[in-house]
Amino acid sequence: MDTWRSSGAFSEPAPVRLVDRGAKPEGTVLNVLGVHVGGHEVVIMAGPCAVESPEQLLTTAQAVKSSGASVLRGGAFKPRTSPYSFQGLKEEGLEMLAWVRQETGLPVVTEVMDTRQVDAVCRHADIVQVGSRHMHDYTLLEEVGMCGKPVLLKRGMSATLEELLLAAEYVLKQGNEDVMLCERGIRTFEHSTRNTLDLNAVPMLKKRSHLPVIVDPSHGTGHWWMVPWMSKAAVAVGADGLLVEVHCNPQEALSDGPQSLRPDKFCSMMTELREVAQAVGRQISEPRAVAD
Ligand code: PEP
Ligand code: MN
């Protein structure tokens with residue numbers, strides 16, 4: 001018996017090490033082109049679910065920036081449940097994101113689905129997103145751990161917080177300490193919402209890890225009208241940022257229209273968010289000026 005024990009053959013799974021709060025009690029603050037994530041300010045990342053055209057992306061980016069978003073989101077590689085749904089504009093979409101970053105000065109977050117896309121995504125994005133469906137792709141996690149860009153790691157739709165933290169551990173273990181954890185809703189028996197946004201995750205992750213925590217109320221609810229409510233709740237509960245889908249014409253959106261806010265609704269939400277942030281001793285980050 002002792003021999004087995006000492007050989008470690010049946011040892012407990014390794015707890016998190018590098019992402020553990022104890023490894024950096026003061027907390028990690030990422031600097032994405034001058035936007036600080038994880039500090040006093042709450043960073044709002046907003047934009048369409050998918051990049052659809054240069055005009056769509058630029059118009060949406062200008063609208064969310066004028067309301068106070070400081071990072072632009074937009075998927076070029078889209079992980080769709082059906083292979084017949086719009087799969088994204090891929091490399092062309094990445095180029096549109098880079099162009100709109102140039103035009104607006106907003107840093108860009110976009111998803112990478114596969115190790116073969118890592119180089120291209122890293123060349124164009126300021127933050128590399130690993131989506132819910134790929135949180136368990138350990139080869140991809142190792143690859144983004146070596147890519148030199150900040151990573152936004154989304155919780156798998158059925159992943160425990162421990163599994164999310166261990167997924168982040170894969171990235172840090174490769175030397176990339178710039179990781180944000182993202183709660184985006186989990187699968188439960190409740191079907192009136194697309195997912196169940198687990199806001200318990202925010203204080204729990206903040207307690208267990210030094211990494212910034214982002215909340216995605218769009219995928220977390222599936223309903224645009226719920227997004228402002230859950231965004232305010234997320235900021236109240238300590239989120240370091242939000243990832244929000246915005247579309248100028250949700251009815252015509254090529255993906256996730258029902259959960260996308262129109263720019264005017266996004267704008268009123270931002271006003272309310274500033275008040276909530278202030279009430280909990282924080283501030284919504286302001287977009288940076290256009291790059292020279
Ligand atoms: C997204 O943010 O575009 C996305 C596909 O989200 P998730 O991976 O959380 O489903
Ligand atoms: Mn989406």
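Interatomic distance, CE of Met135 versus OG of Ser158, reported as 10.0 Å (0.5 Å rounding). Atoms OG and CD, from Ser132 and Glu111 in turn, are 9.0 Å apart once rounded to the nearest 0.5 Å. Rounding to the nearest 0.5 angstrom, the gap separating the CD atom in Glu143 from the CD atom in Gln117 is 11.5 Å. The CG atom of Leu18 lies 10.5 Å from the CD atom of Gln174; values are rounded to the nearest 0.5 Å. Atoms CD and CG, from Glu177 and Leu30 in turn, are 10.0 Å apart once rounded to the nearest 0.5 Å. For the atom pair CZ of Arg116 and CZ of Phe77, the computed distance is 10.0 Å after rounding to the nearest 0.5 Å.
A donor-acceptor contact shorter than 3.5 Å links the side chain of Asp240 to the backbone of Val213. His223 places a side-chain N or O within donor-acceptor distance of the main-chain N or O of Ser192, the cut-off being under 3.5 Å. A donor-acceptor contact shorter than 3.5 Å is absent between the side chain of Arg282 and the backbone of Arg274. Panel note: side chain Arg73, backbone Thr110; no donor-acceptor pair is recorded below 3.5 Å. The backbone N or O of Leu197 lies less than 3.5 Å from no partner atom in the side chain of Asn195, so there is not a single donor-acceptor pair. Although no hydrogens or angles enter the test, the distance criterion places no donor-acceptor pair under 3.5 Å between the side chain of Glu103 and the main chain of Leu58. Distance alone, capped at 3.5 Å, places no donor-acceptor pair between the Ser85 side chain and the Thr81 backbone. Without hydrogens or angle criteria, Ser209 side chain to Leu205 main chain gives no donor-acceptor distance under 3.5 Å. Proximity of a side-chain donor or acceptor of Thr160 to a complementary backbone N or O of Glu163 within less than 3.5 Å is detected. Of the possible donor and acceptor atoms, none in the side chain of Glu41 sits under 3.5 Å from a partner among the backbone N and O of His36.
Considering only heavy atoms from C-beta on, Gln259 comes within 4.5 Å of Glu245 through its side chain. Between Ile44 and Met270, the closest side-chain pair of non-hydrogen atoms falls below 4.5 Å. Within the 4.5 Å cutoff, no side-chain heavy atoms of His247 are placed close to those of Phe266. Residues Leu106 and Val100 are not in side-chain contact: their nearest non-hydrogen atoms beyond the backbone lie 4.5 Å or more apart. By the 4.5 Å heavy-atom criterion applied to side chains, Val112 and Val144 are counted as neighbours. Using a 4.5 Å heavy-atom threshold, the side chains of Leu273 and Leu242 count as touching. Here the side chains of Val246 and Ser260 are not in contact, with every heavy-atom distance at 4.5 Å or above. The side-chain heavy atoms of Leu72 and Leu57, taken from C-beta on, include a pair separated by under 4.5 Å.
Hydrophobic clustering, with ILVMFWY side chains joined whenever heavy atoms are under 4.5 angstrom apart, groups Leu199 together with Leu153. Follow the hydrophobic side-chain contacts under 4.5 Å out from Ile186 and you never reach Leu181; the two are in separate clusters. Leu152 and Leu165 sit in two unconnected hydrophobic clusters of ILVMFWY residues. Membership requires side-chain heavy atoms under 4.5 Å apart, directly or through other members. Tracing side-chain contacts under 4.5 Å through hydrophobic residues (I, L, V, M, F, W, Y), one never reaches Val37 starting from Val19; they form parts of separate clusters. A continuous path of Ile, Leu, Val, Met, Phe, Trp and Tyr side chains, each step under 4.5 Å between heavy atoms, connects Leu243 with Val71, placing both in one hydrophobic cluster.
We find that Glu272 and Lys232 are joined by a salt bridge, their nearest charged nitrogen and carboxylate oxygen being less than 4.0 Å apart. A salt bridge is absent between Arg262 and Asp264; no separation between the charged side-chain nitrogens and carboxylate oxygens falls under 4.0 Å.
Among Lys149, Arg101, Arg288, the single residue meeting the salt bridge (Lys or Arg N to Asp or Glu O under 4.0 Å) criterion with Asp126 is Arg101. Considering Lys206, Lys154, Arg155 as possible partners of Glu183, the one that fulfils the salt bridge (Lys or Arg N to Asp or Glu O under 4.0 Å) test is Arg155.
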Verify side chain to side chain contact (heavy atoms under 4.5 Å, CB included) between Leu89 and Phe86, making sure each step is shown before the conclusion. CA-CA 9 Å; Leu89 296 179; Phe86 176 60; 4.0 Å; yes
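A donor-acceptor pair shorter than 3.5 Å can be found between the side chains of Ser285 and Ser70. Defined by atom type and a distance below 3.5 Å, a donor-acceptor pair is present between the side-chain atoms of His219 and Asp256.
The minimum heavy-atom distance between Glu52 and Gln56, with the atom names listed, is N-OE1, 2.8 Å. Residues Leu261 and Lys265 come closest through the heavy atom pair CD2-CB, 3.9 Å. Across Arg80 and Ser255, no two heavy atoms sit closer than the pair NH1-CB, 3.2 Å.
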